[in-house]
Amino acid sequence: MTLELQQIRHTYPDGDRTLVALDSVDFRAAAGEFVTLTGPSGSGKSTLLAVAGGLASPESGRVLIDGTDLTELTARQRDALRAQRIGFVFQQSNLLGSLNAVDQLRLAAHVAGLPLRRAGARARDLLDRVGLSAKAERRPHQLSGGERQRVGIARALMGEPALLLVDEPTSALDHERGAAVVRLLRDLTHEAGLATVMVTHDLQYLDLADRSVRMADGRLFSEPSARTGR
Amino acid sequence: MFIAIRDLRFARGRFALLGGVIALMTLMVVLLSGLTAGLGAASVSAVEALPVDAVALQEPAEGQGPSFATSALSSETAAGFDGASGVESAHPIGVATTRIGGQAGAAAVALIGTDAALYPPIERGRTPGDGEVAVTADLAAEERLAVGDGVSIAGVQLEVAGITEETSFNHLPVVYTDLGTWRDATGIEEVTAVGLTGGDIAAVAGTVVVSRTEAFDAVGGYASEQGSLNLMRGLLLGISALIVGAFFTVWTMQRTPDLAVVRAMGASSGYLLRDALAQAGIVLVLGAAVGGAAAAGLGALAASSMPFVLNAATFLAPIGAMVAVGAVGAAVSVRRITAVDPVTALGAAR
């Protein structure tokens with residue numbers, strides 16, 4: 001098991017009251033499994049990603065990644081674990097404007113403390129894998145939306161993660177490009193044996209997932225069998 | 001410095017603008033430092049050149065400081081320092097502003113009458129005796145005076161016996177002579193001050209003893225002149241810190257979404273802080289170096305026509321100060337990086 005959330009509770013202050021973002025959530029994602037997470041806005045999807053990735057600490061519960069409990073780590077240890085074992089793919093890719101495609105990936109290696117010389121070769125391999133080897137020197141503004149998202153995916157894989165957390169990667173793409181990105185994520189998940197959790201609003205991509213989970217009001221609404229999540 | 005270097009290349013226009021501002025501020029601070037030192041030398045270099053430990057001046061009125069312009073010590077008072085406690089040697093000094101007439105016309109000078117032991121090094125000729133003077137090199141060049149020439153001071157005919165190294169008193173070139181000749185030329189019996197060597201020297205009645213460097217403030221206008229110039233230098237450095245701080249505040253705010261992404265990727269706050277400070281350091285050092293080089297060139301040109309001193313204190317120190325205050329401004333601005341929340345990289349929080 002790569003990712004396991006046990007009885008996670010997380011709240012936010014909301015004016016005079018407290019908003020329960022995650023309420024006693026149990027969740028698992030195994031190595032080689034591509035899981036989609038759907039639900040209305042405010043249902044807790046992004047909070048679950050933040051907690052699973054060690055960006056936010058839950059009020060209670062355990063977050064296990066390959067058996068390591070994130071809630072027992074210091075902030076510095078969580079940073080290091082994120083750099084080495086967790087890859088994030090963000091909405092609209094969130095690439096740095098000053099870096100070309102290959103440097104976006106080399107930055108991830110630099111953050112993870114990997115040697116930059118070796119990182120260059122791996123970055124080019126990954127760009128080749130996502131079909132962008134010819135555009136390795138281009139900056140984000142010289143790439144299309146789909147290309148930027150594919151650079152973001154390659155960047156998330158630089159640290160050789162065990163867990164890939166994907167936050168609405170198709171929100172700025174048309175259906176054809178969005179489907180291509182989701183298929184790429186699924187294929188990479190299976191090839192590399194990653195545990196991938198993808199938040200999406202778009203139900204048409206659920207057929208591509210191994211398993212789909214719905215959230216509502218901070219709870220996992222259901223965890224049906226593969227490709228029956230709608 | 002992975003991100004820093006690439007940001008500098010990518011946003012080179014913005015950073016060139018900041019570097020240009022830093023260069024201009026450095027140029028102004030270095031020029032002002034050279035001018036401050038130059039004006040200071042023009043004001044007090046004759047006092048600075050005195051080989052004494054302390055200077056005795058007439059005790060000032062209450063609420064005022066000692067002054068060469070108003071000090072007058074009788075021969076008896078001056079003689080009171082001979083053999084006094086802590087005094088190794090005492091040299092009466094007469095200082096007066098007058099005019100010297102020579103072959104090229106007349107010029108205002110400070111006439112200093114004292115023992116030969118207090119004269120600055122004689123570059124040409126010999127130490128002047130009775131009825132003779134030694135003029136500074138710049139005065140000799142300006143008035144076309146040479147050893148052996150006759151000059152007139154207040155109607156008294158004197159001969160130039162020597163040319164000394166350049167000194168000034170209250171922005172006037174100095175003419176040195178012995179105390180007897182000084183009294184003949186000025187008609188003043190009292191001396192202005194007493195130059196003293198020794199330690200723990202107690203003042204005699206009616207006098208105040210100050211160190212040689214403290215005596216600079218007794219030269220008319222020196223303290224206020226230096227004070228206002230130093231205030232301007234301080235303000236320029238303060239403004240520079242604010243400019244650098246403002247730039248990096250805006251720059252950090254603009255890139256906060258990017259920083260949140262890099263934090264989410266696993267970078268620590270320290271990683272981002274080091275990167276940002278290195279970026280600021282590169283811009284500061286390059287800007288200050290360019291400004292300093294320009295100031296050195298302009299200063300060398302200006303030195304021939306205005307009081308300007310270019311040395312380590314007026315060149316390297318202001319450049320170092322500019323980099324230091326800029327670094328403080330940048331550090332205060334980029335510390336907000338530590339508050340960047342990586343959660344904001346996720347969609348729901350954006």
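Labels below follow one simple rule: chain letters A, B, ... track the order of the sequence lines, proteins then strands, and each chain is numbered from 1.
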Worksheet entry | Heavy atoms from other residues, nucleotides or ligands near CG of B:Asn311 exceed 12 (cutoff 6.0 Å) | yes
Worksheet item: What pair of heavy atoms forms the shortest contact from A:Phe90 to B:Ala264, and how long is it?
Response: CZ-CB, 3.7 Å
Worksheet item: If you count heavy-atom pairs under 4.5 Å with chain B, which of A:Gly87, A:Gly54, A:Ala80, A:Gly97 comes out on top?
Response: A:Gly97
Worksheet item: Between A:Ile86 and chain B, which part of the residue has a heavy atom less than 4.5 Å away: side chain, backbone, both or neither?
Response: neither
Worksheet entry | Value rounded to 0.5 Å, distance of CD1 in B:Ile5 from CG in A:Leu99 | 12.0 Å
Worksheet entry | Options A:Ala156, A:Gly113, A:Ala75, A:Ala83, ranked by heavy-atom pairs under 4.5 Å with chain B, top entry | A:Ala83
Worksheet item: When rounded to the nearest 0.5 angstrom, what distance separates CE in B:Met265 from CD in A:Gln104?
Response: 8.0 Å
Worksheet item: Pick one: which of A:Leu96, A:Val111, A:Asp103 meets side chain to side chain contact (heavy atoms under 4.5 Å, CB included) with B:Ile3?
Response: A:Leu96
Worksheet item: More than 12 heavy atoms of other residues, nucleotides or ligands under 6.0 Å from CE of B:Met306: is that the case?
Response: yes
Worksheet item: Are there more than 12 heavy atoms of other residues, nucleotides or ligands under 6.0 Å from atom CZ of A:Arg177?
Response: no
Discussion item. How close do A:Ser98 and B:Asp7 get, counting heavy atoms only, and between which atoms?
Written reply: OG-OD1, 2.5 Å
Item to complete: Enter the distance from A:Lys45:NZ to B:Leu346:CG here, rounded to the nearest 0.5 Å.
Response: 11.5 Å
Fill in: A:Arg139 side, atom CZ; B:Arg6 side, atom CZ - distance, nearest 0.5 Å
10.0 Å
Discussion item. Just verifying a value: how many Å separate A:Arg76 CZ and B:Ser269 OG, rounded to the nearest 0.5 Å?
Written reply: 9.0 Å
Discussion item. Looking at every non-hydrogen atom in both residues, tell me the closest pair between B:Pro342 and A:Leu55 and how far apart they are.
Written reply: CB-CD2, 3.7 Å
Worksheet entry | Heavy-atom pair with the smallest gap, counting every atom of B:Arg263 and A:Arg82 | O-NH2, 2.8 Å
